[in-house]
Amino acid sequence: MKNQVNYQLELDQIRQALGFDFMSLAFADPAEYDYVIRWKYASGNLNSRYKRIVLQSGRGIAGIVFKTGKPFLLYSVQEQVKQEMLFSYPIVNSEKLNSIGAVPLWNDARVAGVLLGGFRGDRQVNETMLRELQNTARHGIGDLNGKELLLS
């Protein structure tokens, strides 16, 4: 019998170690023609609305990171996102986040998920924190190995 991966416990530990107010893990579910991305786990969350957010590849923070395979940094939602564009980032609204960093979670040279960290108060995610998130993701989370490249 395969050991059940405890993503929730791992996410709680990562959030505590890195000091974020909120952290979440998103994974892709195969849909009929494409992938849909959902926030599956959260730590430090205000409510469970994150579970109802469904994003297409390329949409929302998780969708953008999933599609591009590149980190995403929004150091100040207030300064960088126009009020009328906030609906494009549902996780920001549901968790009242003011600053966000998100990185791809690689598994066997493909993006398998997204790790997001954010702050609600005056603290801002900076380049150093984004690198820490990337390093955490590179070590693998759960049964995702964190390998961006496969060497043959």
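Reckoned from all heavy atoms, side chains included, excluding hydrogens, waters and symmetry mates.
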Asks: So, do N126 and Y75 sit near enough that their side-chain heavy atoms are less than 4.5 Å apart?
Replies: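 When only atoms from C-beta onward are counted, Y75 and N126 do not touch, as no gap falls below 4.5 Å.
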Asks: For I61, which of V92, I53, L55, V114 qualifies under side chain to side chain contact (heavy atoms under 4.5 Å, CB included)?
Replies: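 Option passing the side chain to side chain contact (heavy atoms under 4.5 Å, CB included) with I61: V92.
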Asks: When you compare the side chain of N45 with that of Y50, does any pair of heavy atoms fall below 4.5 Å?
Replies: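 Yes, side chains in contact.
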Asks: Any side-chain heavy-atom pair from Y89 and V77 closer than 4.5 angstrom?
Replies: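 The answer is no; the side chains never approach within 4.5 Å.
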Asks: Evaluate the side chain to side chain contact (heavy atoms under 4.5 Å, CB included) criterion for residues R123 and M129: first the C-alpha distance (whole Å), next the side-chain angles of each, then the deciding distance (0.1 Å), finally the verdict.
Replies: CA-CA 11 Å; R123 283 192 70 194; M129 292 172 186; 3.2 Å; yes
Asks: Within a 6.0 Å radius of atom CD on Q80, are there more than 12 heavy atoms belonging to other residues, nucleotides or ligands?
Replies: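 Yes, CD of Q80 has more than 12 neighbouring heavy atoms, counting only those of other groups under 6.0 Å.
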Asks: Distance-only, no hydrogens or angles: does the N145 side chain make a donor-acceptor pair with backbone N or O of G140 under 3.5 Å?
Replies: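 No; judged by distance alone, with no hydrogens or angles, the pair does not exist.
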Asks: Report yes or no: does Q134 contribute a side-chain atom to a donor-acceptor pair with the main-chain N or O of V103 at less than 3.5 Å?
Replies: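 Between the backbone of V103 and the side chain of Q134 there is no qualifying donor-acceptor contact (under 3.5 Å).
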Asks: Quick one about N6 and Y41 (side-chain donor to acceptor, distance below 3.5 Å, no hydrogens or angles considered), yes or no?
Replies: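 No, no side-chain donor-acceptor pair sits under 3.5 Å.
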Asks: Quick test of your reading of the model: are K40 and D29 salt-bridged, counting only N-O distances below 4.0 Å?
Replies: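 Yes, this pair counts.
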Asks: Considering only heavy atoms from C-beta outward, does the side chain of R59 approach that of S88 to under 4.5 Å?
Replies: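 Of all side-chain heavy-atom pairs linking S88 with R59, none is under 4.5 Å.
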Asks: Would you find more than 12 non-hydrogen atoms of other residues, nucleotides or ligands less than 6.0 Å from N47 atom CG?
Replies: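 More than 12 within 6.0 Å, yes.
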Asks: Looking only at non-hydrogen atoms, find the nearest pair between A102 and L130 and report the distance.
Replies: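 Closest approach of A102 to L130, heavy atoms only: N-CD1, 3.9 Å.
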Asks: Quick one: does L11's side chain get under 4.5 Å of I141's, heavy atoms only?
Replies: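 SC-SC contact between L11 and I141 ruled out.
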Asks: So with a 6.0 Å cut-off around CD of Q83, is the heavy-atom count from everything else above 12?
Replies: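 Not buried by this count: 12 neighbours or fewer within 6.0 Å.
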Asks: About how many Å separate OG of S24 and CD1 of I91, when rounded to the nearest 0.5 Å?
Replies: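 Rounded to the nearest 0.5 Å, the CD1-OG separation comes out at 5.0 Å.
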Asks: Are K147 and D108 within salt-bridge range, i.e. N to O under 4.0 Å?
Replies: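 So K147 does not pair with D108 through a salt bridge.
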Asks: Test S43 against every option in Q13, E10, R15, Q8 by the side-chain hydrogen bond (donor to acceptor under 3.5 Å, both in side chains) rule and name the one that passes.
Replies: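 So the option named by the test is R15.
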